[in-house]
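Working notes for the structure below.
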Amino acid sequence: MASQTDKSLLSAELEEEDDEEFRQLLLQATQKIQSAMPSVRDSKPIQPQPGFCIKTHAGSQEKVFVNICRSLHIPAPPDLSRQELECLIESDSASSFRIPMSLGEPHAELDNSGNGCTAYDVVVNSGFFSKVEADPFFKEFFITVALEGLADKYKMDVNHPAWRILKNRKFMGSISGQTIRTKSSPVIQEMDFSSPVLPKFTILAEPAGGAPEFLLAEIHLPRVGSARELSLELGQDRVVLRGGPDPYVLDIYIPHDIVPERSRARFHRRPAVLTVKMPIQPQLGPP
C-alpha cells in the first residue's frame, strides 16, 4: 500500500486535564520550518539509517554492494506523482530532475563467501525513501539514478542491468557516518543531532483482543516543556518524532497500516508524555 507521509508540527500545547479529543496534526510542514532556519556551519555529521542493499558489478567480475540508507537531514526532491514522473522521463527535461543524495566513500568488505568486495553508502531523505519503498516504479528509477551517480563520481563501470536487491540483509558490512554540507542547503535544519536520545515509548493495540481498531503510542519526553518543541511525522506504517533540548529522535516502523489524516496527538505537559492515537486502516473482507 502506498505510503504518504503527513509532515506536520504539533499544533498547540495541551494540558493534562484537557478533555478535548486529540487535536489533528496541523500547521507548517516540517520542511518549510527547516528551510527558514539559518545555517551557522558549513557541514555537519549525520548517522544514516539502513534501508536496503543492492548487489551489482563493476565491469564483469568485481562485486559491488550499494547500501541505500535514509536520513531526515537530507533534503527531499520535488514531490512528483507516478504519472508526473512518467511524463518527465519521456520528456526532454528528464535530466533536470535532481534527487538530493549523499554518496559515501567506498569501503572494503567481505561477502558471504568470505571474498573481498566493495560497498558504497547512498543516503536519501527518509520521506522520499518511504515513497521509493512503496512504489516499484519510483524504486527502479531511483536505483538507476543512484548507480549513475556512483559511476560518475568514482569513474567506474557499474553494470546497471545486472543489479538486484538482496532479500535477507539491509546493508553490507557497516554503515559509517557521513558529513553533509549545510551552508548551501538551507533546507537542512541546523540542529545538533550528533548524540540523539532515543525516548522511551510503548505502542498498544486497541482493543487488545481480535482485530485492532487503532494504535495508541505513549512517548516519554522528560526534558520537553511544550509541544511546540516537537516535530511529528506520520506515514501509513511509520512514526518519526524529533525535537527537544536533548535532542530526542524516534524513527520506527509499525506492523499496521494507519490513517495519518485521522490520527490525533496530545502532549501532556506535567508528566511530559506525548500520546498519539492512530486509527488502523480497515481490512477488506473476502469478496
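Numbering of residues begins at 1 and proceeds along the displayed sequence. Owing to the predicted nature of the structure, the values given are computational and were not obtained by experimental measurement.
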Roughly how far, to the nearest 0.5 Å, is [atom2] of [Y] from [atom1] of [X]?
X: Ile74; Y: Cys69; atom1: CD1; atom2: SG; result: 10.5 Å
X: Ile46; Y: Leu72; atom1: CD1; atom2: CG; result: 10.0 Å
X: Phe137; Y: Arg82; atom1: CZ; atom2: CZ; result: 6.0 Å
X: Thr56; Y: Asp157; atom1: OG1; atom2: CG; result: 9.0 Å
X: Ile165; Y: Ile143; atom1: CD1; atom2: CD1; result: 4.0 Å
X: Leu250; Y: Leu198; atom1: CG; atom2: CG; result: 6.0 Å

Is [Y] close to [X] at the side-chain level, that is, under 4.5 Å between some pair of heavy atoms?
X: Val276; Y: Leu232; value: yes
X: Gln47; Y: Ile175; value: yes
X: Asp121; Y: Val66; value: no
X: Phe128; Y: Asp79; value: no
X: Met278; Y: Leu234; value: yes
X: Val224; Y: Phe267; value: yes
X: Phe52; Y: Leu166; value: no
X: Leu241; Y: Leu221; value: yes

Given 3.5 Å as the limit, does a donor-acceptor pair link the side chain of [X] with the main chain of [Y], or not?
X: Arg262; Y: Pro260; result: no
X: Asn67; Y: Met172; result: yes
X: Lys63; Y: Gly116; result: no

Residues two or more places apart in sequence or in another chain: which of them pass side-chain contact (heavy atoms from CB on, under 4.5 Å) with Ser81?
Gln83, Glu84

In short, ring-ring contact (aromatic ring centres under 6.0 Å, His included) pairs touching residues 99-127 with sequence neighbours left out are Tyr120-Tyr154

Do Lys55 and Asp111 sit within salt-bridge range, that is, some charged N less than 4.0 Å from a carboxylate O?
no

Search all heavy atoms of [X] against all heavy atoms of [Y] and return the closest pair with its distance.
X: Arg98; Y: Pro77; result: O-CB, 3.6 Å
X: Gly243; Y: Leu230; result: C-CD2, 4.3 Å
X: Phe129; Y: Gly51; result: CZ-CA, 3.4 Å
X: Met101; Y: Ala146; result: SD-CA, 4.1 Å
X: Arg70; Y: Pro50; result: NE-O, 3.3 Å

Do other residues, nucleotides or ligands put more than 12 heavy atoms under 6.0 Å from the NZ atom of Lys153?
yes

Can you establish whether the number of heavy atoms outside Glu140 located under 6.0 Å from its atom CD is more than 12?
no

Show your working on side-chain contact (heavy atoms from CB on, under 4.5 Å) between Gln281 and Ile258 and close with a plain yes or no.
CA-CA 5 Å; Gln281 193 78 246; Ile258 65 172; over 6 Å; no

Examine [X] and [Y] and state if one hydrophobic cluster contains both, with Ile, Leu, Val, Met, Phe, Trp and Tyr joined whenever side-chain heavy atoms are less than 4.5 Å apart.
X: Val158; Y: Phe142; answer: yes
X: Val273; Y: Phe201; answer: no
X: Phe141; Y: Leu80; answer: yes
X: Val122; Y: Phe65; answer: no

Is there a side-chain contact (heavy atoms from CB on, under 4.5 Å) between Val259 and Glu261? Walk through the geometry before answering.
CA-CA 6 Å; Val259 187; Glu261 60 272 16; 3.3 Å; yes

Kindly confirm or rule out a cation-pi arrangement of Lys277 over Phe214, judged by NZ or CZ under 6.0 Å from the six-membered ring centre and within 45° of its axis?
yes

Whether the Glu109 and Thr118 side chains hold a donor-acceptor pair (N or O, under 3.5 Å, no angle test) is what I'd like checked.
no

Would you check, one step at a time, whether the test side-chain contact (heavy atoms from CB on, under 4.5 Å) holds for Ile54 with Ile68?
CA-CA 8 Å; Ile54 301 168; Ile68 303 299; 3.8 Å; yes

Test side-chain contact (heavy atoms from CB on, under 4.5 Å) on His73 and Ser102; report intermediate values, then the result.
CA-CA 10 Å; His73 303 286; Ser102 177; over 6 Å; no

What residues form a salt bridge (charged side-chain N to carboxylate O under 4.0 Å, His left out) with Lys139, not counting sequence neighbours?
Glu133

